[in-house]
Every structure is written in structure tokens, then in C-alpha cells.
Amino acid sequence: MNMASKKLRRAGLSQDLCERLSRYQITTCQDVLCLSLLELMKVTGQSYWKVKKLLNTVSRSCAPKMQTVYEMKMKRTINPSSAFLQTTLEDLDKILHGGIACGSLTEITGPAGCGKTQFCIMMSLLATLPTSMGGLDGAVVYIDTESAFSAERLIEIAQHRFPHYFASEEKLVSMPNRIHLYRELTCDSVLKRIESLEEEIISKNVKLVVIDSIASVVRKEFDLKLQGNLKERSNLLTKEASILKFLAEEFSIPVILTNQITTWLNDGFAVQTDLLSPADDFSLSEGSSRKGDGESGYVTTALGNTWSHSVNTRFILQYLDSQRRQLLVAKSPAAPFISFLYVIEKSGLLLQESSQKDQPCCSWEGTSPALQAIKVRQDTFKDESVSSARFHSLQQQV
């Protein structure tokens, strides 16, 4: 379906023919393939045999092309800059074999205030840099669903992370001009923006797509207490993920998404409670048991298990305590499960020097990385008894 949504001007048709078809709202390969030969003869004014040839051309252009593993490997060897977007966090890039993988979806999840948006702003900056500096030398599409993007923070990170490169006014002005920000505050507008990305990626030489956050509008609009909403939400997320994967693979670019956290309750089996508000996500301390007596629970990534299979790589940013933050590589096709301590400075995220033995042991119980417990600040609620009472009240409602 995604291959069929390819624009006709990328299918090898003449510009005149594309313009003629567009007057009938026929702009994608799918639009053409859904028409009969007689209908195409009418709108194109061409003969039967020419229209049949047109259908063959369009069909071939949107059919998945076979390639060997050797061809894939050689492509990345010849042009390594097309394989990864470096994070400039040396140890993380090393464990990921180069950085954020192009052609795939990378998710950043964790509690509020842990640096998800900061990470996205930093990666947006890095994508605009020349390939000689580890960048992708391209534009960025940044879809902001929480009005969290800060242009001032972007400039601050640029000046402090690369003071020599951004010493000139010209570079400091040209960089933000390559980052195209869209504030989309509804599920419908986010989907429409994603569906229109193909043309923008081509026309603006986009090398990175960021959605911050994928969960925000979905959780606001879909009340899971209402019948059918869970299925409708799953269908929406699956469609968005499918389009984004197609774009990432088709143009060999990274797509970075941020996600929120939610609370799972244990009552014989795990029950996801997206009914909780973002503030309630902090109601469980990091000491919450995952094998309790039916009155325990834990904080984990939002949007459920189906969504977790849609992303290729997942980073969790979490709090170890009120002072320290930790980055977990929770899911990756290339890297092992590993954690790093990090701080947020004027120059963005920086990893801290520390040995793994000094860090608390981090592992998940069970088999699904989607259920990885996330640590939150214990000092979020001053009155734990009030927090606990509210939590148990919500548990009874679910």
C-alpha cells in the first residue's frame, strides 16, 4: 500500500502526462492502478496499447525491488554517511555501530523532564551538519505535537557544542533555516502531515524526520473506556508507522519518535492504564514490585505492545534518583542491552564517565522489551499516601 502511494512524477511518467492526470486528482501510483483501462483511456486521451504500457510502467515502479544482502552491504560501505546519523555521544555511537540507523524508526521514551525533546533538538542540529562532521547535510522535518520545540535552545546547543563551526553568523543563520517545524495538535493533522511527507522529503532534501511526540495527541483523543477506541487507535498507529517505515527505507533516512510513559497494574495479569493522566505516571516509585499481590504496578512505555513492535530501536531516558539520569538501549537490532549515565548541559546531552559496575543492575523480567519498567523520581509526590490512595482508586475503575 505504501509503495503504491508513490507520487506519479517518481514513476517515470512525462511531466505533461502527470499534469494531465493531476487535473483529475490522479497523483499517485495507487490512483492509476485503481482505474480501468477504459477510464484511463478517457482521462489520458491515449490509445488502448499506450494505456496498457502506462499501467505496466506504473505497476513496476511501485513494486518492491529485489536486492541482495551483498548489494545492501556494499551500498553502506561505499557511502557510510547514508547508513547512520551520529549522535556525537561517542560510547553510544560505538555500541550502535555508527549512530541512529538510517532507514529505520528510533523511539525515545521516558518520563517528563528527562530530555526527550532536548535529544530531538540536538539530533535535528546534527542532521544539518556536513557529512565530514558526522551529519547528513540535509534538511529536517520536525513535527511538534506538544509545542515543546525551542528555537533558542537549538541555537544554544549549536553554539556550545560546535563553537568553532558556528562562530560565523552565516552558518548560525543557515542551520535553523533547514529545520522545518510543524505544530500539529490533532491525530488527523498529524496523519495528514505524515502522508504529505514524501513530496517534502524530495523537494527540501530532508534527511531526518522527527515526531515529538507520537503519543501525545493519540492519548488525548482516544478514551480507551469507550468501546472500539482501542482498535481505532491501534489502526491509526499502525498506519502511521507503516508510512514512516516506507519513507525511512525509501529515502534511507532516520525517523525519530518520542513516546510517553504509562502505568501497568498487576491484577493477576498486566493491564495497561492509558486512562491515567501524564501526572499520574509518576505515582509509582521506582521500588514498585512487578510480582506483587495484585496491588502493585510499574511504569513503562505508553501505546502498548503492538506499537513496540513498530519501532526498530528504543531508547529509554529515565531517572536513577533526583540527581542522576540514565539512558538505556532497551531495543536494538544491532546493540546489546546497555545503559549510560548522562547529563544535560548547555551543549545538549553528554554521557558521564562511569563503569557499568557502579550502575544499578537494569534488566526486565519476562520476554517483552515493551514491558521494560522505567524508573521515575520518587520525590514527585511529597505525600505518598495521597498518591497511593489515588492510584488504588484508579486501579478499581479499570
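We're numbering straight along the sequence, starting at 1.
- Counting only heavy atoms from C-beta outward, the side chains of Arg314 and Ser308 approach each other to under 4.5 Å.
- By the criterion of side-chain heavy atoms lying less than 4.5 angstrom apart, applied directly or through intervening Ile, Leu, Val, Met, Phe, Trp or Tyr residues, Leu33 is grouped together with Met41 in one hydrophobic cluster.
- By the criterion of side-chain heavy atoms lying less than 4.5 angstrom apart, applied directly or through intervening Ile, Leu, Val, Met, Phe, Trp or Tyr residues, Leu37 is grouped together with Tyr24 in one hydrophobic cluster.
- Salt bridge present: Lys192 and Asp188 bring a charged side-chain N and a carboxylate O closer than 4.0 Å.
- With sequence neighbours excluded, the residues forming a salt bridge (Lys or Arg N to Asp or Glu O under 4.0 Å) with Arg183 are Asp144, listed by chain and number.
- Legend: side chain to side chain donor-acceptor pair (under 3.5 Å) pairs involving residues 160-170, not counting sequence neighbours, sorted by first then second residue: Thr88-Arg161.
- Contacts classified as ring-ring contact (aromatic ring centres under 6.0 Å, His included) and involving residues 107-154 (residues at least two apart or in different chains) are given here: Tyr142-Phe149.
- Every pair passing side chain to side chain donor-acceptor pair (under 3.5 Å) that includes a residue from residues 36-53 is listed here, sequence neighbours excluded: Ser36-Glu39.
- With Tyr319 as the aromatic partner, Arg325 does not meet the cation-pi criteria of under 6.0 angstrom to the ring centre and within 45 degrees of the ring axis.
- Side-chain contact annotation: Thr186 with Ser189, donor-acceptor N/O pair under 3.5 Å present.
- Qualifying side chain to side chain contact (heavy atoms under 4.5 Å, CB included) partners for Cys34, counting only residues two or more places apart in sequence or in other chains: Gln30.
- Between Lys239 and Glu195, at least one side-chain N (NZ, or NE/NH1/NH2) sits under 4.0 Å from a carboxylate O, which counts as a salt bridge.
- Screening residues 90-106 for side chain to side chain donor-acceptor pair (under 3.5 Å) gives Thr87-Asp93 as the qualifying pairs, with residues at least two apart or on separate chains.
- The pair Lys346-Glu156 does not meet the salt-bridge criterion, since no charged nitrogen lies less than 4.0 angstrom from a carboxylate oxygen.
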